[in-house]
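Comments concern the structure below.
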Number of protein chains: 2
Amino acid sequence: MADRSDTKNRILDAALASFGTAGFDGTSLDDIAVGLGLRKQTILYHFVTKRGLLNAVVDRCAGDLTRAMEEVLAGEARDWDRVEALVRRVFRLALDQPVLLGLLREVSRPNSPGAQRMRANLDPLMARARIWIEGEMAVGRMRRTDAQLLLLSAYSTVVGVGTEIEVLRAAGIEPTLRTVVQRRRELLGFLRSSLDPRD
Amino acid sequence: MADRSDTKNRILDAALASFGTAGFDGTSLDDIAVGLGLRKQTILYHFVTKRGLLNAVVDRCAGDLTRAMEEVLAGEARDWDRVEALVRRVFRLALDQPVLLGLLREVSRPNSPGAQRMRANLDPLMARARIWIEGEMAVGRMRRTDAQLLLLSAYSTVVGVGTEIEVLRAAGIEPTLRTVVQRRRELLGFLRSSLDPRD
DNA sequence: CGCATTCTCTACCAAGTGGTAAAGATCCTG
DNA sequence: CAGGATCTTTACCACTTGGTAGAGAATGCG
């Protein structure tokens, strides 16, 4: 039955879009269902509860993010080049899939349902990154600094890109690639000034 | 009856805190009322509808923000010093009243009720700032660039500070002044590189 | 075919939502 | 004290919400 994963994915797509724009509380299962031409009970069949749907959406997004970064980590870029490659990869993902930024911002809110799960999902990735960076520091290929703080700042910068895009759009400015590229440059500048020993 | 403005302000305080953390949709009038030890009908008496309450909250916050900036504009700082003074003043406001950042982020969301009203409230301030900057550009005291884009980027950076603080807190790091100061330094650096002709 | 699995549907419900109507309080003023 | 204005309350309502129960389709397999 090829329909199964198809319906499930269609629901996930719609839920991601709605959670990211209207928020979790601002989304009703009926809204999603009607938008897809089915009944909300179908959604509950696949995900049991609304919270379960959110969890599935969070898991998928965290998976996308993790996969994108694994891709770079499996590549041949090293040292500072690897940092730059990671940033570029994440920004590319954000541009390809803007709704992802909306969800990230939603779950970055205090008291947000999903926040804990997203964090749990990204924890291994963060820990891995931190260990790598600290290793590089230890051998002098990166300058010494608080690795975790650095990573979280980078994370919130990426999330902020989503906010900025929406702010611009609300002000009637259709965001161009330029504004995003600028943010990326700033983030790279921040990371370079924190990490690059050649600086 | 001195109670009137008092009760009203207490409701506004509680609503600001709740809208900023749980979001508009995630807040029920009952929640607010119970937290204040009164009935939700009291809230509705003062603000007629939930939406009216949001509007009042947005208006007050926009007023705080505007007043803070007027304060600087009435001061004696000029040229680049004025830009720096404005940034410092806004960051100080954000530190004094962190809940304000929560609301700003809430209304910076697409489809957010209140987004339009916040924008309408801040529009005059933004227009005034743009005109001033463009004037400075015209006489060569600032470098030429897209003033509105600059302002909106600065705005979203400030909003991003709120997100970052919450991300850090969620990760178990109690945000220190240091992280906020760093963001301020970055924003000033961005503005300087965009505007300062001495650069 | 018969049967079981997988999926989607209709029907319904308990709880919570924002909001209305109106009765009391509390206070100021003539 | 009487009466009006301001404020807070109780009682109630229409509606939406997430969720349950169970009946039908559709598909795969013996």
Side-chain angles (χ1 to χ4, degrees), chain A residues 1-60 103 106-107 111-117, chain B residues 1-60 103 106-107 111-117:
Chain A
M1 200 172 296
D3 283 334
R4 171 175 182 171
S5 64
D6 192 52
T7 301
K8 231 174 159 171
N9 277 325
R10 281 176 62 225
I11 296 174
L12 281 174
D13 288 339
L16 168 60
S18 189
F19 290 159
T21 56
F24 180 70
D25 291 315
T27 298
S28 80
L29 295 179
D30 261 321
D31 294 341
I32 298 177
V34 168
L36 292 172
L38 33 84
R39 264 24 79 186
K40 73 173 168 186
Q41 285 73 10
T42 303
I43 299 178
L44 288 172
Y45 169 78
H46 286 287
F47 301 98
V48 186
T49 64
K50 187 187 183 185
R51 185 62 185 266
L53 175 60
L54 174 65
N55 287 341
V57 169
V58 167
D59 289 352
R60 200 181 65 167
L103 184 79
E106 169 72 8
V107 301
N111 302 340
S112 164
Q116 203 179 347
R117 195 176 183 96
Chain B
M1 201 171 296
D3 284 333
R4 172 176 181 174
S5 64
D6 191 55
T7 301
K8 230 174 160 172
N9 277 326
R10 281 177 60 226
I11 295 174
L12 282 174
D13 289 338
L16 168 59
S18 189
F19 290 161
T21 55
F24 180 71
D25 291 315
T27 298
S28 81
L29 295 179
D30 262 320
D31 293 342
I32 298 177
V34 168
L36 292 173
L38 33 84
R39 267 20 79 190
K40 74 174 167 185
Q41 284 74 10
T42 303
I43 300 177
L44 287 172
Y45 167 77
H46 286 287
F47 301 97
V48 188
T49 63
K50 186 186 183 186
R51 185 64 183 266
L53 175 59
L54 174 64
N55 287 341
V57 170
V58 166
D59 290 351
R60 200 182 65 167
L103 185 79
E106 170 71 9
V107 302
N111 301 339
S112 162
Q116 202 179 348
R117 194 176 184 96

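By convention in this document, chain letters (A, B, ...) are assigned in the order of the sequence lines, proteins followed by strands, and residues within each chain are numbered from 1.
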- Message: Check the phosphate of dT9(D) against R39(B), side-chain N and O only, distance under 4.0 Å to OP1 or OP2. Yes or no?
- Response: yes

Polar atoms only, N or O, under 3.5 Å: list the protein pairs with nucleotides 21-25 of chain D and their distances.
none

- Message: How many whole angstroms separate atom CG of L44(B) from atom P of dA11(D)?
- Response: 18 Å

- Task: Applying side-chain contact (heavy atoms from CB on, under 4.5 Å), name anything that partners A115(A), two or more places apart in sequence or on another chain.
- Result: S112(A)

- Task: Compare side-chain N and O positions of Y45(A) against OP1 and OP2 of dT8(C) and report whether any pair is under 4.0 Å apart.
- Result: no

- Item | Partners meeting side-chain contact (heavy atoms from CB on, under 4.5 Å) with L44(B) (sequence neighbours left out) | L29(B)

- dT8(C) phosphate, OP1 or OP2: any side-chain N/O from H46(A) under 4.0 angstrom? yes

- Sorted by first residue and then second, give each side-chain hydrogen bond (donor to acceptor under 3.5 Å, both in side chains) pair with at least one member in residues 32-43 of chain B; sequence neighbours left out. none

- Quickly work out the L54(A) CG to dG18(D) C1' distance and round it to whole Å. 14 Å

- Task: Tell me which residues in residues 28-37 of chain B put a heavy atom below 4.0 Å from DNA chain C, sorted by number, or none.
- Result: S28(B), L29(B)

- A56(A): partners by side-chain contact (heavy atoms from CB on, under 4.5 Å), with sequence neighbours left out: L12(A), F47(A)

- Is the shortest side-chain N/O distance from T42(B) to OP1 or OP2 of dT9(D) below 4.0 Å? yes

- Among pairs that include at least one residue of residues 17-38 of chain B, which meet side-chain hydrogen bond (donor to acceptor under 3.5 Å, both in side chains), considering only residues two or more places apart or in two chains? S18(B)-T27(B), S28(B)-D31(B)

- Task: To the nearest Å, give me how far apart NZ (K40(A)) and C1' (dA11(C)) are.
- Result: 11 Å

- Task: Could you tell me the separation between the CG atom of D6(A) and the P atom of dT6(C), rounded to a whole number of Å?
- Result: 18 Å

- Item | Results of side-chain hydrogen bond (donor to acceptor under 3.5 Å, both in side chains) for D13(A) - residues two or more places apart only | R60(A)

- If only atom types and distance count, is the side chain of R10(B) paired as donor or acceptor with the main-chain N or O of L36(B) below 3.5 Å? yes

- Query: Within this structure, what is the CZ-to-P distance between F47(B) and dC7(D), rounded to whole angstrom?
  - Reply: 11 Å

- Message: Can you measure K50(B) atom NZ to dC15(D) atom C1' for me and round it to whole angstrom units?
- Response: 15 Å

